[in-house]
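Reading through the structure tokens given below for one structure.
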Amino acid sequence: MSEVFEGYERQYCELSANISRKCTAAAALDGEQKKQKVSELRSGLEDAESLIRKMDLEARSLPPNVKAVLLAKLREYKSDLNNLKSEVKRIASGNLNPAARDELLESGMADALTASADQRGRLMKNTERLNQTGDRIKDSRRTMVETEELGVSILQDLHQQRQSLLHAHNNIHAVDDNIGKSKKVLVNMTRRMNRNKWIIGLIIAVLVVAIILILYFKLK
């Protein structure tokens, strides 16, 4: 969940409760005091609208799964703000005599404020439920991130093992090359040895024939 959105949310809830209290107080006033209180209420409503816009922009900049939860919250806050606007408008346009005003305070205004309080109560319950949903989403995202990190770690291990196998394969290939070269050297050495044996044998045969001929002529 966005910390920026939660900050705006806390500010709005405090401001909404403050406006509601001022509405109750303004309904009992008259004259300049009432005008001043209505002016304060309208200023508060402007601040509340500004917070709603900021929350809307922040929510729409987040990933879809988080955005859906926050926009559901935002709809509740917008409904609450509309009720507050209706209350302020009703107070500002109430040019009634004292008896009518007292009757309004005892009946219509009390009902409106009660309805608003009930709605804020539902709003808080919905907010709590949405917060729980957001927490579950955060847990799911955390699990997904941990799973992704585990997958990356496994891929890195497999890559290292692949590199090790390739290195071993290259070493084996080098050993095969060395064995092939050694085999060629041994074959050449064997050929030279066999050739040398024939040469030595031929020399010995020539010497034996020469000795026999020498002995033959001497004895003859």
Side-chain angles (χ1 to χ4, degrees), residues 1-139 141:
M1 202 68 67
S2 171
E3 294 182 0
V4 176
F5 185 93
E6 291 176 353
Y8 293 146
E9 184 180 23
R10 285 192 296 271
Q11 294 179 43
Y12 176 81
C13 290
E14 293 173 0
L15 184 58
S16 175
N18 187 37
I19 292 173
S20 180
R21 287 193 296 268
K22 288 183 178 180
C23 285
T24 303
L29 298 177
D30 200 358
E32 291 298 325
Q33 290 182 341
K34 182 176 181 179
K35 290 180 180 179
Q36 183 179 358
K37 187 64 68 174
V38 169
S39 178
E40 293 177 2
L41 288 170
R42 287 172 176 168
S43 177
L45 289 176
E46 291 177 359
D47 294 338
E49 285 182 325
S50 176
L51 289 172
I52 289 291
R53 287 194 296 270
K54 290 177 180 179
M55 283 191 284
D56 186 69
L57 291 174
E58 176 64 20
R60 294 182 187 280
S61 67
L62 297 173
N65 54 347
V66 180
K67 179 173 70 175
V69 176
L70 297 185
L71 289 179
K73 277 188 178 184
L74 197 58
R75 284 192 292 272
E76 295 287 341
Y77 292 138
K78 288 180 179 179
S79 177
D80 178 70
L81 180 60
N82 289 332
N83 287 335
L84 291 175
K85 287 181 179 180
S86 298
E87 290 180 24
V88 173
K89 184 177 180 181
R90 186 173 181 179
I91 292 170
S93 61
N95 297 322
L96 304 174
N97 56 44
R101 184 182 61 195
D102 292 340
E103 184 180 356
L104 175 65
L105 289 173
E106 292 176 358
S107 58
M109 183 60 69
D111 293 340
L113 293 176
T114 300
S116 179
D118 291 340
Q119 183 173 10
R120 272 191 287 275
R122 292 193 299 272
L123 174 64
M124 294 301 295
K125 290 181 181 179
N126 291 335
T127 299
E128 183 179 358
R129 186 166 60 253
L130 290 172
N131 284 334
Q132 293 175 353
T133 302
D135 292 338
R136 288 194 294 271
I137 292 175
K138 287 169 65 177
D139 292 338
R141 290 184 63 190

> How long is the gap from CG on N65 to CG on L70, to the nearest 0.5 Å?
Replying inline: 9.5 Å
> Which atoms form the tightest heavy-atom contact between S16 and L84, and what is the distance?
Replying inline: OG-CD1, 3.5 Å
> What pairs with Q11 under side chain to side chain contact (heavy atoms under 4.5 Å, CB included), at least two apart in sequence or on another chain?
Replying inline: Y8, L51
>> Restricting to side chain to side chain contact (heavy atoms under 4.5 Å, CB included), what partner residues turn up for S39, sequence neighbours left out?
In response: none
> Got a second to check how far E6's CD is from E3's CD, nearest 0.5 Å?
Replying inline: 7.0 Å
>> Quick check for you: to the nearest 0.5 Å, what is the distance between N18 atom CG and C13 atom SG?
In response: 13.0 Å
> Under the side chain to side chain donor-acceptor pair (under 3.5 Å) test, which residues partner R60, sequence neighbours left out?
Replying inline: D56
>> Minimum heavy-atom separation for Y12 and Y77, please, with both atom names.
In response: OH-O, 3.0 Å
> Which atoms form the tightest heavy-atom contact between L81 and A48, and what is the distance?
Replying inline: CD1-CB, 3.6 Å
> What pairs with Q33 under side chain to side chain donor-acceptor pair (under 3.5 Å), at least two apart in sequence or on another chain?
Replying inline: none
>> On a heavy-atom basis, which atom in I52 and which in L74 lie closest, and how many Å separate them?
In response: O-CD1, 4.0 Å
> A26 and I91: which non-hydrogen atoms are nearest, and at how many Å?
Replying inline: CB-CG2, 4.1 Å
> How would you list, by chain and number, every residue that makes a side chain to side chain contact (heavy atoms under 4.5 Å, CB included) with R42, sequence neighbours excluded?
Replying inline: V38, V88, A92
> Between CD of E87 and CG of N82, what distance do you get to the nearest 0.5 Å?
Replying inline: 11.5 Å
> In Å and rounded to the nearest 0.5 Å, what is the NZ to CZ distance from K78 to R53?
Replying inline: 10.5 Å
>> Quick test of your reading: applying salt bridge (Lys or Arg N to Asp or Glu O under 4.0 Å), list the pairs with at least one residue in residues 13-28, sequence neighbours left out, ordered by first then second residue.
In response: K22-E40
>> K85: which residues meet the side chain to side chain donor-acceptor pair (under 3.5 Å) condition with it, sequence neighbours left out?
In response: E49
>> Quick one: does any side-chain atom of S79 pair with a main-chain N or O of E76 as donor and acceptor, under 3.5 Å?
In response: no
